[in-house]
Each structure stands twice: as C-alpha cells, then as structure tokens.
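As structure tokens, the structure follows; a few thoughts come after it.
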Amino acid sequence: LSLALAELHPYNGPKYPIYIATVNYARYTSVSNKVRIGASTEFNQGAYDAIGFTEKPLKFSRTATSMNASIFVGDEILLGKVGLPFDVGAYIFNPRKDPPLYVKIGFNYYFVSLGKSKGTKLFIGANLKTHFLIAQLYEMSAGVAF
C-alpha cells in the first residue's frame with residue numbers, strides 16, 4: 001500500500017493524495033536479485049475533486065474516472081536489507097488518458113524476517129513514478145513480502 005501527494009496547477013497549488021494498492025509475484029533469480037510481475041491500482045483524490053467542479057458528462061462514474069489500473073514487470077536488486085526496484089508498467093484501465101506506459105524506480109528497506117520459516121518480511125519504501133521521463137509522483141509505501 002502506498003500514499004503519494006500530487007500537485008494540481010498552478011505551481012505550488014493544492015496537494016491531493018493518491019492512494020495506491022499493489023500486488024506482485026516475485027521470483028528470486030539469485031541471492032541478490034528477483035524479478036517481479038504484478039498489478040496496481042490508484043485512486044487520485046485531486047482528479048476526483050476536479051471532476052466534481054467541471055460537471056462534464058463522463059463515460060464512467062466520478063469515482064471510476066479518478067482511478068486507473070495497470071500491470072507491470074520489474075526487477076529488484078537486493079543489497080542486504082535494501083532493495084532497489086525498477087518496474088515498467090502499462091495501464092489496462094486509464095479513463096483520464098494518462099500516457100499509456102510508466103516507469104517506477106525506488107528503494108525498499110526490509111525489516112527482520114518473521115514466521116516459522118523466516119519467509120515473511122515487512123518493508124517500507126519510496127518510489128518515483130514517471131511517464132516518459134516526466135515525474136508524475138513520489139510515493140511512500142509499506143507492505144509485506146512472503
């Protein structure tokens with residue numbers, strides 16, 4: 001789960017939260033590397049509020065238009081308790097017509113392993129999401145890997 005803040009126009013204008021949920025499957029290819037495939041969905045509060053002001057007719061509901069869903073593939077390099085993920089994704093539901101592809105780069109910190117098999121790890125992270133080298137958002141995340 002992640003939280004990002006997005007700024008609407010003008011520069012230094014109001015900042016709105018973006019709520020992000022992600023699931024992925026990761027497979028270790030070595031002790032210090034894993035490949036990932038997954039899906040992500042976002043809800044943009046700023047888009048939701050802006051749509052309420054414009055009152056334009058919409059193809060989807062106001063809530064659905066404020067969301068998007070994507071699939072991604074990626075790689076994560078592991079350096080001890082630190083992970084450096086790199087993901088490339090494509091939108092499968094994109095009603096606001098954002099650019100169709102994105103890249104995320106980031107940093108994850110994995111805490112101590114939990115459980116009988118020591119296979120469950122809590123983590124916190126930070127990611128930068130870009131569309132064609134133009135930054136869209138910076139997100140802070142927390143999650144569990146098992």
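Numbers here simply count residues along the sequence, with the first being 1.
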* Please identify each residue that fulfils salt bridge (charged side-chain N to carboxylate O under 4.0 Å, His left out) with Lys15, with sequence neighbours left out. => Glu7
* To do: Considering only NZ, NE, NH1 and NH2 on the basic side and carboxylate oxygens on the acidic side, decide whether Arg96 and Glu42 come within less than 4.0 Å.
  => no
* **With Phe60 via ring pair (Phe, Tyr, Trp, His ring centres under 6.0 Å) - residues at least two apart** => Phe93
* Asked: Of all heavy-atom pairs between Ala126 and Ser141, which one has the smallest distance, and what is that distance?
  -> N-OG, 4.3 Å
* List the atom of Leu1, the atom of Ala21, and the distance in Å for their closest heavy-atom pair. => CD2-CB, 3.9 Å
* Check: Asn68 main-chain N/O paired with Thr41 side-chain donor or acceptor under 3.5 Å -> yes
* To do: Can you see which heavy atom on Asn108 is nearest to which on Pro85, and at what distance?
  => ND2-CG, 3.8 Å
* Structure fact -> Members sharing Tyr25's hydrophobic cluster, built from side-chain contacts under 4.5 Å between Ile, Leu, Val, Met, Phe, Trp and Tyr, are Ile37, Val73
* Residues in ring pair (Phe, Tyr, Trp, His ring centres under 6.0 Å) with Tyr110, at least two apart? -> Phe123
* Asked: Linking Ile, Leu, Val, Met, Phe, Trp and Tyr by side-chain heavy atoms under 4.5 Å, what else ends up with Ile18?
  -> Ile20, Leu137
* Structure fact -> dist Tyr91:OH -> Ser40:OG (nearest 0.5 Å) comes out at 8.5 Å
* Does Leu128 belong to the same Ile/Leu/Val/Met/Phe/Trp/Tyr cluster as Leu5, with side-chain heavy atoms less than 4.5 Å apart forming each link? -> no
* Asked: Do Leu101 and Val88 have side-chain heavy atoms sitting under 4.5 Å apart?
  -> no
* To do: Using the test salt bridge (charged side-chain N to carboxylate O under 4.0 Å, His left out), find all partners of Arg62 that sit at least two apart in sequence or belong to another chain.
  => none
* To do: Determine the minimum heavy-atom distance between Ser70 and Tyr102, stating which atoms define it.
  => OG-OH, 2.8 Å
* Mind jotting down which residue pairs meet the salt bridge (charged side-chain N to carboxylate O under 4.0 Å, His left out) criterion with at least one end in residues 66-77? Sequence neighbours excluded, please. => Lys34-Glu76, Arg36-Glu76
* Is there side-chain contact between Phe111 and Ile124, with at least one heavy-atom pair below 4.5 Å? -> yes
* Asked: What closest approach, in Å, do Asp87 and Gly74 show between heavy atoms, and which atom pair accounts for it?
  -> OD1-CA, 3.3 Å
* To do: List in chain and number order the residues that pass ring pair (Phe, Tyr, Trp, His ring centres under 6.0 Å) with Phe107, two or more places apart in sequence or in another chain; answer none if no residue qualifies.
  => none
* Leu3: which other cluster members, linking ILVMFWY side chains closer than 4.5 Å, directly or transitively? -> Tyr19, Phe43, Tyr48, Met67
* **Atom CZ of Phe132 with >12 non-hydrogen neighbours under 6.0 angstrom** => yes
* Structure fact -> Residues passing the side chain to side chain contact (heavy atoms under 4.5 Å, CB included) test with Ala50, sequence neighbours excluded, are none
* Each residue besides Ile51 in its hydrophobic cluster should be listed here, by chain and number; the cluster joins Ile, Leu, Val, Met, Phe, Trp and Tyr at side-chain heavy-atom distances under 4.5 Å. => Leu58
* Taking only residues two or more places apart in sequence, or in another chain, which ones meet Lys104 in a salt bridge (charged side-chain N to carboxylate O under 4.0 Å, His left out)? -> Glu139
* Tyr16 with Met140, same ILVMFWY side-chain cluster at under 4.5 Å -> no
* Do Val23 and Ile71 share a hydrophobic cluster (ILVMFWY, side-chain heavy atoms under 4.5 Å, transitive)? -> no
* Structure fact -> Of all heavy-atom pairs linking Leu78 and Tyr28, the shortest is CD1-CE2, 3.3 Å
